[in-house]
**Q** 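Right, I'll just put the structure down here and ask away after.
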Amino acid sequence: LNFTCCISVASKLAGALVEYLTGAGANVKECKGSINFDPFKKQLVKGISNPQWVAMCTELLEAIRPLPGFRVLTVNALNISNAGAYIYQELGYALAWGAELLDKLGDAGYSIEELTSRIKFVFGVGSNYFMEIAKFRAARWLWAQIVGSYGDQYKNETAKIHQHATTSMWNKTVFDAHVNLLRTQTETMSAAIAGVDSITVLPFDVTYQQSDDFSERIARNQQLLLKEECHFDKVIDPSAGSYYIETLTNSIGEEAWKL
């Protein structure tokens, strides 16, 4: 279950989730999901700063504590991607954002293990097929470097990044909308081959109207085809060993790290 809401009510939503799931007798260790809590969205989109973001994060972390499988600290690099950022910029800013969460909330008394289990990275996926594959692979490598810098004891499952991919908005057309199906399909393939944890395929008509039942069904089917007919979920890192993609991964990683 993945929820999106205004950041001002995220803690209330977390409390309601805890109350409902525990009241229903659910095994809380098997309940997995996220709350898309993005304390920097207004700053990025509207230029409105949020100096209270650490306190808001702390309140949310305390509210969700009974549900260990819920990720509630969102690094929403999708906004950066849809603003037209280059791939290395999207990745570099996302990593800096994640590191800021670890630093500031670590100072507030939270352990690295708890914070990494609560952080979810949301990236956009553009139509630069191989570069996007390399971006997600580089993100996995560099986030492990960041988490591992806090101590050798964190160079394990703690350092594993959790990535969600959403197909881009900025490169979609309104005049021949069915072409968007081709674009979102290659974008979805890039994310799946790169081994992300979950994917959102946006409907082909979302740029100019409220999506209908047909466009939403097709969007769901796009990733089901890759899973059920192409078996993309059966191979771990299928691009590993490809000289081209390995070189791209290193190049993007180096530029993102500099930024």
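Residue indices begin at 1 and follow the sequence shown. Atoms considered below: every heavy atom in the structure, side chains included; atoms not considered: hydrogens, waters and symmetry mates.
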**Q** Return yes if some donor-acceptor pair links the side-chain N/O of E132 with the main-chain N/O of G126 below 3.5 Å, else return no.
**A**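 Looks like yes, one N/O pair under 3.5 Å.
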**Q** Can you check side chain to side chain contact (heavy atoms under 4.5 Å, CB included) on T116 and Y154, steps first, answer last?
**A** CA-CA 10 Å; T116 55; Y154 303 123; over 6 Å; no
**Q** So does S215 get a backbone contact from the side chain of D212, meaning a donor-acceptor N/O pair under 3.5 Å?
**A**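 Answer holds: yes.
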**Q** Look up atom OH in Y88 and atom NZ in K258, then write down how far apart they are to the nearest 0.5 Å.
**A** 10.0 Å
**Q** Before you tell me yes or no, could you show the steps for N36 and N2 under side chain to side chain contact (heavy atoms under 4.5 Å, CB included), namely the whole-Å CA-CA distance, both residues' side-chain angles and the distance that decides it to 0.1 Å?
**A** CA-CA 7 Å; N36 192 17; N2 301 283; over 6 Å; no
**Q** For the residue pair I7 and N50, establish whether any side-chain heavy-atom pair is separated by less than 4.5 Å.
**A**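 Result yes, sub-4.5 Å side-chain heavy-atom pair found.
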**Q** Evaluate the ring planes of W143 and F121, with Trp represented by its six-membered ring, and classify them as parallel (under 30°), tilted (30 to 60°) or perpendicular (over 60°).
**A** perpendicular
**Q** For residues Y110 and T58, determine if any side-chain heavy atom of one lies less than 4.5 Å from a side-chain heavy atom of the other.
**A**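 Side chain of Y110 against side chain of T58, heavy atoms only: contact under 4.5 Å found.
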**Q** Could you walk me through whether D107 and K104 pass the salt bridge (Lys or Arg N to Asp or Glu O under 4.0 Å) check?
**A** CA-CA 5 Å; D107 291 343; K104 292 293 192 292; 5.9 Å; no
**Q** Just so I know, are the side chains of C31 and F70 near enough to count as touching, which here means a heavy-atom distance under 4.5 Å?
**A** yes
**Q** Does Y86 offer a backbone N or O that forms a donor-acceptor pair with the side chain of Q89 under 3.5 Å?
**A**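 Side chain of Q89 to backbone of Y86: a pair is present.
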**Q** Is the shortest heavy-atom distance from the side chain of V18 to the side chain of R65 under 4.5 Å?
**A** no
**Q** Just wondering, do L17 and F3 contact through their side chains at under 4.5 Å, heavy atoms?
**A**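 When only atoms from C-beta onward are counted, L17 and F3 do touch, with a gap below 4.5 Å.
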**Q** Any donor and acceptor pair, going by atom type alone, linking the side chain of D38 with main-chain N or O of K41 inside 3.5 Å?
**A**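 The answer is yes, because a donor-acceptor pair under 3.5 Å joins these two groups.
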**Q** Sub-3.5 Å donor-acceptor pair from the side chain of E59 to the main-chain atoms of S11, do we have one?
**A**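 No, E59 side chain to S11 backbone: no donor-acceptor pair under 3.5 Å.
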**Q** Check whether any side-chain heavy atom of I245 sits under 4.5 Å from a side-chain heavy atom of I193, and report yes or no.
**A** no
**Q** Is a side-chain donor or acceptor of Q222 paired with a backbone partner of T188 at a separation under 3.5 angstrom?
**A** no
**Q** Enter the distance from W53:CH2 to F40:CZ here, rounded to the nearest 0.5 Å.
**A** 4.0 Å
**Q** Between the main-chain N or O of W170 and the side-chain N or O of S168, is there a donor-acceptor pair closer than 3.5 Å?
**A**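 No; zero donor-acceptor contacts below 3.5 Å.
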**Q** Going by atom types only, do S211 and E216 share a side-chain donor-acceptor pair under 3.5 Å?
**A** yes
**Q** Take Q185 and L226 through the test side chain to side chain contact (heavy atoms under 4.5 Å, CB included) and record every step on the way to the result.
**A** CA-CA 9 Å; Q185 192 68 9; L226 296 181; 3.6 Å; yes
**Q** Among K120, R118, R71, find the one that has a side-chain hydrogen bond (donor to acceptor under 3.5 Å, both in side chains) with S34.
**A**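 Only match with S34 under side-chain hydrogen bond (donor to acceptor under 3.5 Å, both in side chains): K120.
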**Q** Side chains of T247 and N250: donor-acceptor distance under 3.5 Å anywhere?
**A** no
**Q** Check whether any side-chain N or O of T167 sits under 3.5 Å from a backbone N or O of L202 as a donor-acceptor pair, and report yes or no.
**A**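 Side chain of T167 to backbone of L202: a pair is present.
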